[in-house]
2 protein chains.
Amino acid sequence: MVVADDIQALRHLALLGGLDGQVRISSQRLGDLLGTSAQTASRRLIALEDQMLITRTVRADGQFVTITRQGEDILKEEYAQLCQIFEERSGEYLLEGTLIDGLGEGAYYVSLPGYVSQFKELLGFEPYPGTFNLRLASPAIEMRKKIDTHGWKRVDGFTDHERTYGGCRVLACSIENISCAIIVPGRSHYPEDIIEIIAPVRLREKLGLSTKDNVCVTVHYDD
Amino acid sequence: MVVADDIQALRHLALLGGLDGQVRISSQRLGDLLGTSAQTASRRLIALEDQMLITRTVRADGQFVTITRQGEDILKEEYAQLCQIFEERSGEYLLEGTLIDGLGEGAYYVSLPGYVSQFKELLGFEPYPGTFNLRLASPAIEMRKKIDTHGWKRVDGFTDHERTYGGCRVLACSIENISCAIIVPGRSHYPEDIIEIIAPVRLREKLGLSTKDNVCVTVHYDD
DNA sequence: ATTACTAAAAGACGAGTAA
DNA sequence: TTTACTCGTCTTTTAGTAA
């Protein structure tokens, strides 16, 4: 088992071209790159050589290093892991929260024709008049921050009978395969641990849920 | 500066899905993945949390972890480095060696018509009758091992006037922009620190080199 | 200028333990 | 079971030095 510190050193050597030929590097410079002393960098090089991850020619005025095939394999392994992480992602974020009672005013806003027509166009459904509110635990709050820049659609505000209704943004998501959407008001600073969801059906009923039950929301993304 | 051990832990959490939602993991299991004790794994998680690279909800019977955006950035940085290493490689290996005297027999073999016709077809040139021999230092020996599986072309043996001439393999390369090729006999176990090169011209003369001078050979690859 | 040793200081490790 | 603390040990680090 090669320790992480050694792999880090190996990676920097590769960055300097150690995969394609010999690279001249002093312990001092490697130390700078690794954020360690020159002594430690020197020890790293010795360790890498002992593990046959590099070969060296050391002279009094410096050293030449090249990465061996085994060293290359170690790096490839790490590369493969990161490829898996970033390229073969599931394509969905999971937000978990507990169902809470809303204030009831969501039903009013959500059913206003000026919004409904836009929901239909942007989301493909006419929402059940009411919102489904979740309180997120801290891990989910983190996920929420991540989705903040992904795939939101803008719903414009409008004026009706002398009153002005603000815009908002919606993000398509799903709960147990029912298409729905997270909705957040345009300007107001919404509490970050609460999300409001609209759906074509009454989710509480359809899913047989009541206040304080756990709910998992799936947000699909593509980037 | 995030230390390598922490990044390693972060990578494993990402592999478990920590980028897309919360992942449940015990210190024991993380320790198994990292090759450390559960205590150390626990410490890693605490350190990651302190650096705000993950958020956690810890309970008496386990913990849930999700990677923060900052944590994701750290991993992306590492990923970018490895991409650079493996995807934006120069496309050439560099072998450095010192010019040595050959045995003179190379000239004879290389000019045999049975070989020459194949050289012309495979390499696009008719070699100067003589070989250019290099002794490699240990870093270059390592490079030589790497190119062992890249782009060699097979030259068949033949029989002429009751004598049999063995096959060999050639690998196109260049020395100071002069196209040439490394040639190694088919079966015999060639010393690993010596390479023999053929070229359309007399390299010693064209490059103004003499015995013991340093020479840098470039091997192009594509895979 | 280098590398790499030695020795002292700092830090990390895992066993045991409590909650 | 868990997590995460303390504590003694051991490893790693850095400064100093020699080559």
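Here is how names work: the chains are called A, B, and so on, in the same order as the sequence lines, proteins then strands, and each is numbered from 1.
In this structure, A:Gln39 and A:Gly62 both approach DNA chain C, and ranking their closest nucleotides by distance from the 5' end singles out A:Gly62.
Listed nucleotides C:dC13, C:dA4, C:dG16 differ in distance to B:Asp5; the shortest reach to its side chain belongs to C:dC13. Taking every side-chain heavy atom of A:Arg56 into account, C:dA4 is the closest of C:dT3, D:dA4, C:dA4.
Rounding to whole angstrom units, CZ of residue A:Arg59 and C1' of D:dA19 are separated by 17 Å. Here C:dA1 presents its C1' atom at 15 Å from CZ of A:Arg29, a figure rounded to the nearest Å. A straight line from CG of B:Asp32 to P of C:dG14 spans 12 Å, rounded to a whole angstrom. The nearest whole Å value for the distance from the CD atom in A:Gln28 to the P atom in D:dG16 is 14 Å. Look at CG on A:Asp61: it is 8 Å from C1' on C:dA1, rounded to the nearest Å. Atom CD in B:Gln63 sits roughly 10 Å away from atom C1' in D:dA4 (whole-Å rounding).
With a 3.5 Å ceiling on both atom-pair distances, D:dT1 lacks any Watson-Crick or G-U wobble partner.
Look at A:Glu78 and B:Arg11 and you find a salt bridge, because one of the NZ, NE, NH1 or NH2 atoms lies within 4.0 Å of a carboxylate O, short of that distance. Using a 4.0 Å cut-off between charged nitrogen and carboxylate oxygen, A:Asp50 and A:Arg43 do not count as a salt-bridge pair. A salt bridge between A:Glu96 and B:Arg24 is absent, with no side-chain N of the basic residue lying under 4.0 Å from a carboxylate O of the acidic one.
Residue B:Leu30 is out of contact with every strand shown, counting any heavy-atom pair closer than 4.0 Å.
Between the side chains of B:Thr211 and B:Arg204, at least one donor N or O sits under 3.5 Å from an acceptor N or O. Side-chain atoms of A:Thr131 and A:Glu196 form a donor-acceptor pair, as typed in the model, at a separation below 3.5 Å.
Near DNA chain D, meaning a heavy atom under 4.0 Å from it, residues 41-50 of chain A has A:Arg43, A:Arg44 in order of number.
Separation of atoms OG1 (A:Thr55) and CZ (A:Phe64) is listed at 12.0 Å; rounding is to 0.5 Å. If you take CG on A:Leu45 and CG on A:Leu53, they are separated by 11.5 Å, rounding to the nearest 0.5 Å.
Taking 4.0 angstrom as the limit, B:Ser37 places none of its side-chain polar atoms (N or O) nearer than this to OP1 or OP2 of C:dC13.
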